[in-house]
Protein chains: 2
Amino acid sequence: MVDQPNIRDVAKAAGVSTATVSRALAQPGKVREATLKKVMDAVEKIGFVPNRQASMFRSRKSNTVILLVRDISNPFYLDIYKGVEEAAFAAGYKVLMGDAREDDERITHYIEAVRECHADGLILMIGSFPKKLLEQTDRLPPFVVALEEIDGLEAPTVRVDNVAAAEGAVAHLIAQGHKRIVHLTGPLDEHLGKTRLEGYRRALKKAGLPIDEALIMPGDFSLNAGYDQTAKLLEKGAHFSAIFASSDQMAIGAASALREKGLAIPDDVSLVGFDDTLIASIFYPPLTTVYQPRREIGRAAMAMMIRKLSAHAGDPVAVEEPLEDQQFLTELITRNSVAPFDDARPGT
Amino acid sequence: MVDQPNIRDVAKAAGVSTATVSRALAQPGKVREATLKKVMDAVEKIGFVPNRQASMFRSRKSNTVILLVRDISNPFYLDIYKGVEEAAFAAGYKVLMGDAREDDERITHYIEAVRECHADGLILMIGSFPKKLLEQTDRLPPFVVALEEIDGLEAPTVRVDNVAAAEGAVAHLIAQGHKRIVHLTGPLDEHLGKTRLEGYRRALKKAGLPIDEALIMPGDFSLNAGYDQTAKLLEKGAHFSAIFASSDQMAIGAASALREKGLAIPDDVSLVGFDDTLIASIFYPPLTTVYQPRREIGRAAMAMMIRKLSAHAGDPVAVEEPLEDQQFLTELITRNSVAPFDDARPGT
DNA sequence: TTGAAAGCGCTAACAA
DNA sequence: TTGTTAGCGCTTTCAA
């Protein structure tokens, strides 16, 4: 690659100062039209591409936001990303996606990325946070939390009513006559895991059904957890006719374990997931699951971020509206993975 | 966020010059041990985090590589990414993943990202390239091509024998007695699409079977293409007992279309995919497919990139070994989506 | 082995 | 509306 021309070359070619070139490029409105044309022609002619590294460095802004998620391989986050990217693009921001993997070191790494000026802020979709960093609140970069809640971290949040969503899913199974329902939970030391479990309990309680703690299997949203915990249950000879998994991935994992034992879905065991990822509709049988408006959630989170950043920059225009938490509605999508409870095939 | 301390603060605290701090951080071997300790203590004490923006700007290196793929939502690329990331991490590089979506504008955008000094090089996993850019070869950033071939672009390449892989897959179907085999192709104006089709033709020819052009359905690797083209075929009342899809995603799409018509896999129609993504093993029935060593391919591509970059930087150490193309072996993974041809259930 | 000093390409006061 | 100028934080000669 040959040496790039710089802003001085453009200035020379256009017969203006470097400041004018800079302005013409960044704030075309602040430059006379004739000048703008001269600059643009020069840019075109010599093939100038601004060195963003330099401009970020100088202006101390990267116009980039990092979306930090639990597990980048969960397709759930792809739609979130798309929503974030839409809102970001419209406002001139770029988005980078980071994989936290529930690992404090990786999280710290991303926080440092902001300190190193790679990004202006963070959208967090993780359930815990390194204790070390929680203490230094004044050195934390701007962030927004989406769909999660982090103990000890006050932040503008995009929410969903997980208790109600889980309760609805389990109530659906109960309405189909199921009584012994397994719950494959999320991480139980975190908000998402706790609230969905709470919804599960509430649905059973409301229906006057007993809660068998042996049917509550701790997981972490991953495919493998779904498989392992279901296999364990089957090995123990547990009795159940339905499973409510806290993620589609876990539901799919559970399905594998069931099939290995020759159990059919939904004939022997009914199955409900959470998230309505692409895989839920592709799966055979198509999975009943809880839909969350991912795209909108992503957009809302980024919108919050933008407001937060402009407040940070001292821009008064955007601060009028306070950074209030926002709540979205979930919806139970019923497909073919749930069948009425059948006395002749009472599950396992 | 409070103001970050800078290198001068560290220098002051350690009682050395800024140049020494810079050296201590970047090339610890070039600094006396006692000095190194003084610097490190000062760094620790005042909580210094180097401003990467500044150092990249100054050194004109970002230690970042962009992995540009066809479609970020295809899980195939996740493992490639992991391989790239492994090799990159070991060499102190970071990896960003970009989504080309077969869109010249997006591709140009990523090329510019390198010119803007966001990244040092590109690993391309795309099948075409903006014509405009092809002409200015001397201004193109360092790149490596993986698994694809781009007309008009000479580049070190990581390959797989697509003809042989496709031929093997189709030969497997033929060995099971299938004679009328659909091929859902990749983009036919690109290397990947052409070579796999070539393998399909070759297998039929070798077996002495006729090639029915009506069974060759052009696609683009996407789920929707698999669905649409299969649905079209079924609507036309085409006869076939097996499908060879050029990607797992297309195979899954085809399966949906078949099921909607009440056709069972593999009882009525056998199905073979390509890539062996996670979904192939999770799918019901588990999908017979062509495995490519994605992780290794990613690692190899990044290794090439690193060598290319250090050659660029004039580092003579790494140039000994020439940048030769590298080839990896594929493997047919047989699962349960293929059954022997059954006269009683001759497909569609 | 270390320090002094120049300057990377750009932006942002300030002045004109 | 435009130009002049200082300097962001760091790396990198060059000299000591």
Side-chain angles (χ1 to χ4, degrees), chain A residues 1 3-40 42-43 46-63 92 112 114-118 120 313-315, chain B residues 1 3-40 42-43 46-63 92 112 114-118 120 313-315:
Chain A
M1 206 166 31
D3 248 17
Q4 298 289 331
N6 68 20
I7 200 171
R8 255 172 287 126
D9 300 324
V10 180
K12 213 176 297 169
V16 298
S17 74
T18 59
T20 301
V21 177
S22 176
R23 272 189 294 256
L25 263 31
Q27 316 154 53
K30 293 206 165 187
V31 164
R32 220 190 19 221
E33 202 153 319
T35 317
L36 183 63
K37 185 164 164 19
K38 273 197 292 184
V39 172
M40 289 316 187
V43 165
I46 67 179
F48 171 69
V49 179
N51 182 330
R52 284 261 169 274
Q53 218 66 267
S55 78
M56 285 182 200
F57 165 52
R58 184 57 234 253
S59 62
R60 312 175 124 278
K61 283 198 322 193
S62 60
N63 284 329
E112 300 227 316
V114 182
R115 289 207 188 134
E116 286 174 350
C117 301
H118 272 139
D120 300 333
D315 181 347
Chain B
M1 202 166 32
D3 249 16
Q4 298 288 332
N6 67 20
I7 201 171
R8 254 171 288 129
D9 300 324
V10 180
K12 213 176 295 171
V16 298
S17 74
T18 59
T20 302
V21 177
S22 174
R23 273 188 293 257
L25 263 30
Q27 316 155 55
K30 294 207 163 184
V31 164
R32 224 195 12 229
E33 203 155 317
T35 316
L36 184 62
K37 186 167 163 16
K38 273 197 293 185
V39 172
M40 291 315 189
V43 165
I46 68 178
F48 171 69
V49 178
N51 182 330
R52 284 259 167 274
Q53 217 66 267
S55 75
M56 285 180 197
F57 165 52
R58 184 56 234 251
S59 62
R60 313 174 124 276
K61 282 197 325 191
S62 59
N63 284 329
E112 300 227 315
V114 182
R115 291 207 187 134
E116 287 174 350
C117 299
H118 272 140
D120 301 333
D315 181 347

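In what follows, every chain begins at residue 1, and chains take the letters A, B, ... in the order their sequences are listed.
Here the closest non-hydrogen pair linking Phe48(B) and Ile7(B) is CE1-N, 3.6 Å. Minimum heavy-atom separation, Ala11(A) to Thr18(A): CB-N, 3.8 Å.
Heavy-atom distances to DNA chain D give each of Ala19(B) and Gly15(A) a nearest nucleotide, and the one nearer the 5′ end belongs to Gly15(A). In terms of position along DNA chain C, the nucleotide closest to Ser17(B) lies nearer the 5' end than the nucleotide closest to the other residue of the pair Ser17(B) and Ala54(B). Where Val16(B) and Val49(A) meet DNA chain C, the nucleotide closest to each residue was compared, and Val16(B) sits on the side nearer the 5' end.
Proximity of Met40(A) to Leu25(A): side-chain heavy atoms (C-beta onward) are separated by under 4.5 Å at one or more points. Looking only at side-chain heavy atoms (C-beta outward), Val31(B) and Val39(B) stay at 4.5 Å or farther from each other. Using a 4.5 Å cut-off on side-chain heavy atoms (C-beta onward), Asn51(A) and Phe57(A) make no contact.
Among pairs with a residue in residues 20-31 of chain B, those fulfilling side chain to side chain donor-acceptor pair (under 3.5 Å) read Ser17(B)-Thr20(B), at least two apart in sequence or across chains.
With dC10(C), dG3(C), dT11(D) as the candidates, the nucleotide lying closest to the side chain of Arg58(A) is dC10(C). Listed nucleotides dT2(D), dT11(D), dG9(C) differ in distance to Ser59(B); the shortest reach to its side chain belongs to dT11(D).
Residue Arg8(B) places no side-chain atom within donor-acceptor reach of the base of dG9(D), judged by atom type and a 3.5 Å distance cut-off alone.
Spacing between atom CZ of Phe48(B) and atom C1' of dG9(D) amounts to 8 Å, rounded to whole angstrom units. Taking atom CE of Met56(A) as the reference point, atom P of dG7(D) lies 24 Å away to the nearest angstrom. Spacing between atom CD of Gln53(A) and atom C1' of dG9(D) amounts to 13 Å, rounded to whole angstrom units. Regarding Leu36(B), its CG atom lies at a distance of 12 Å from the P atom of dT1(C), rounded to whole Å. Distance Asn51(B) CG to dG9(C) P: 17 Å, rounded to the nearest Å. What separates NZ of Lys61(B) from C1' of dC8(C) is a distance of 15 Å, to the nearest Å. dG3(C) atom P lies 12 Å from atom CD1 of Ile7(B), rounded to whole Å. Rounded to whole angstrom, the span from the CZ atom of Phe57(B) across to the C1' atom of dC8(C) amounts to 4 Å.
Contacts of residues 23-32 of chain B with DNA chain C (heavy atom under 4.0 Å): Arg23(B), Val31(B), Arg32(B).
Side-chain N or O atoms of Asp9(B) include none that pairs as donor or acceptor with a backbone N or O of Lys12(B) at under 3.5 Å.
Here Thr20(A) does not reach the OP1 or OP2 of dT2(D): none of its side-chain N or O atoms lies under 4.0 Å away. For Ser22(B) and dT11(D), the shortest distance from a side-chain N or O to OP1 or OP2 is below 4.0 Å. Taking only side-chain nitrogens and oxygens, Ser55(B) never comes nearer than 4.0 Å to OP1 or OP2 of dC10(D).
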